Chemist: 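This is the structure I want to talk about, given as structure tokens.
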Protein chains: 2
Amino acid sequence: MQTHFTIDCVIYSFNEGKLQVLLTERNEYPYKDWWALPGFFVEKGEEMEDAVKRILYEHTGLKDIFMEQLGAFAGVKRHPQGRILTVAFSTIVKYEDVKFKIKPITSYMRQAKWFAIDELPELAFDHHQIIQQSLRKLKDSINYSTAVYELLPEKFTLTQLQQAYEAILGKTLDKRNFRKKISNSGFLKELQEVQKGVSYRAARLYKFDKRKFQKQLGIE
Amino acid sequence: MQTHFTIDCVIYSFNEGKLQVLLTERNEYPYKDWWALPGFFVEKGEEMEDAVKRILYEHTGLKDIFMEQLGAFAGVKRHPQGRILTVAFSTIVKYEDVKFKIKPITSYMRQAKWFAIDELPELAFDHHQIIQQSLRKLKDSINYSTAVYELLPEKFTLTQLQQAYEAILGKTLDKRNFRKKISNSGFLKELQEVQKGVSYRAARLYKFDKRKFQKQLGIE
DNA sequence: ACAAAAGTGTTGCCAATACACCCATGA
DNA sequence: TCATGGGTGTATTGGCAACACTTTTGT
């Protein structure tokens, strides 16, 4: 038995203190004019991982971003024209990096736009379900992955980091406990730099030290 | 673009103190005479979850077992005849329940057999990779899932439970700490029964209280 | 001087670890 | 009586949660 085969992408970012998801407005049936996850058909002979890269590139202009597989969604009724199996992937991009790069290249979608995770429109197909599943996984893995750091610019303040945690978890955290936990973890590099252009006390800037993080994971 | 679509099952069990995986010996090309995960094509119009149940049934005689999705494997070269996308699922069955039910129904495989996880033969396709990925997930989730209890008979001793943990994790655990942890968790029901037929002090039997377990998870 | 956010310590509790001996039973 | 696994307690440690005030800076 054969099935059509697509990829759908859950692309997260962080802006205005909120976790955002990139959606596209469809310009073709079915679900014309609906918002949906960026997604395409995989081409014949194309490796799934290559298809993922291609689609990510076509929607964001980004390259060399690792996307993690969420799983397959294969409901017979998820597409009105019969089964179309989709494998969902997710990733996180820095908002600054993609701000001016979001450009729909294909004609089947009209525009791409960021939506706050708690203000999603109604979505085509089973894409709402895909997002919810992805979000749960993101929350569950927040302490074992580099996800939060992908949300932030290279140099960031501790308050920004805390806001990113809070955006993912959907709840507020205690400032002192958060800072203790982070500084104990030992994979932030403290810079000799502070914020600029703020009208209050400037905060110290930090960098994520991926090396040390990887090492700590290696202990098992 | 279309692709063939199969399901592969990683079925775990526990016997002779070891974690076991059920494999089938193929009787058709490609990979004739090789060992492989039990797997079939999904039928047209068949829901993926139904296909999973069907395949599990055909190989083990078991019904109403929940299988968890591991993910999609879609390498263009994973099958010599071109891309065959497979979605891998995994589950755990009680060895006693299936001991006499393992019966290949289809003719494309010659026999089904349990293999200890650390004594696997060479496997067809990318099945070794699928198993390794599944095993990592099993280890990671051992404390948040009912997996270990699926390995054991309904009534079991604490030592048996500890052995199941050790089989999954691949390492030994401290007896007292293990018992403390388990009895603190509060989802074991102590029975007024002990082991029979052993030539040493008979151990108390316990049951897993799924209700309480679910409740504890609900706290988040 | 004021507004706004940065930054900082202590305490109590709980969970996880390390570790060694006596007990009950059947052969 | 012996072999075998069953069963038990304590002390230490490290991480997590609760909680409020002072400092710095720009306007």
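For clarity, every value in this text was computed on a predicted model and none was experimentally measured.
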Chemist: Specify whether B:Phe156 and B:Tyr149 have parallel, tilted or perpendicular ring planes, treating 30° as the upper limit for parallel and 60° as the lower limit for perpendicular.
Modeler: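 Aromatic pair B:Phe156/B:Tyr149 classed tilted.
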Chemist: Along nucleotides 16-27 of chain C, 5' to 3', which nucleotides get a B, which get an S, and which get a -, given that the test is a protein heavy-atom distance under 4.0 Å?
Modeler: -BBBB--BBBSS
Chemist: Just checking, any donor-acceptor pair under 3.5 angstrom between side chains of B:Asn184 and B:Lys181?
Modeler: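 Distance-only check fails for B:Asn184 and B:Lys181.
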Chemist: Which label fits A:Phe115 and A:Trp35: parallel for a plane angle under 30°, tilted from 30 to 60°, or perpendicular past 60°?
Modeler: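 Ring orientation of A:Phe115 relative to A:Trp35: perpendicular.
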Chemist: Is the distance from OP1 or OP2 of C:dG7 to the nearest side-chain N or O of A:Arg179 less than 4.0 Å?
Modeler: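 It does, given that an N or O in the side chain of A:Arg179 lies less than 4.0 Å from OP1 or OP2 of C:dG7.
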Chemist: What's the CZ-P distance between A:Phe178 and C:dG7, to the nearest Å?
Modeler: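 My rounded result for the distance is 13 Å.
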Chemist: Could you work out how much the helix from C:dA1-D:dT27 to C:dA27-D:dT1 bends, comparing the axis of its first five pairs with that of its last five, to 10°?
Modeler: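 Rounded to the nearest 10 degrees, the bend comes out at 10°.
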Chemist: Tell me: CG of B:Leu205 to C1' of D:dG6, nearest whole Å?
Modeler: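 To the nearest whole Å, that distance equals 12 Å.
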Chemist: Please report the distance, rounded to the nearest Å, between CG in A:Leu158 and C1' in C:dT8.
Modeler: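 Rounded to the whole Å, the gap is 12 Å.
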Chemist: Hey, what do you get for CZ (A:Phe208) to CG (A:Leu152), rounding to the nearest 0.5 Å?
Modeler: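 Reported to 0.5 Å precision, the distance equals 10.5 Å.
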Chemist: Under the criterion side chain to side chain contact (heavy atoms under 4.5 Å, CB included), which of A:Gln133, A:Arg78, A:Lys77 is the partner of A:Asp126?
Modeler: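 Answer after filtering A:Gln133, A:Arg78, A:Lys77: A:Arg78.
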Chemist: Specify the closest pair of heavy atoms between B:Leu135 and B:Tyr12, including all atoms of both residues, with the distance to one decimal.
Modeler: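 Here B:Leu135 and B:Tyr12 meet closest at N-OH, 3.4 Å.
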Chemist: Assign B:Thr159 to base, sugar-phosphate, or nothing according to its heavy-atom contacts below 4.0 angstrom with the strands shown.
Modeler: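 Contact class for B:Thr159: sugar-phosphate only.
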Chemist: Rounding to a whole Å, what distance do you find between A:Gln162:CD and D:dA17:P?
Modeler: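 It is 13 Å, rounded to the nearest whole Å.
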Chemist: For the pair made of NZ in A:Lys171 and P in D:dA18, what is the distance, rounded to whole Å?
Modeler: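 A:Lys171 atom NZ is separated from D:dA18 atom P by 10 Å.
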Chemist: With side chain to side chain contact (heavy atoms under 4.5 Å, CB included) as the criterion, how do B:Leu188 and B:Leu161 come out once you've worked through the C-alpha distance, each side chain's angles and the decisive distance to 0.1 Å?
Modeler: CA-CA 11 Å; B:Leu188 284 201; B:Leu161 180 58; 4.0 Å; yes
Chemist: Indicate the ring-plane relationship of A:Tyr31 and A:Trp34, choosing parallel, tilted or perpendicular according to the 30° and 60° boundaries.
Modeler: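 Rings of A:Tyr31 and A:Trp34: perpendicular, as their planes differ by over 60°.
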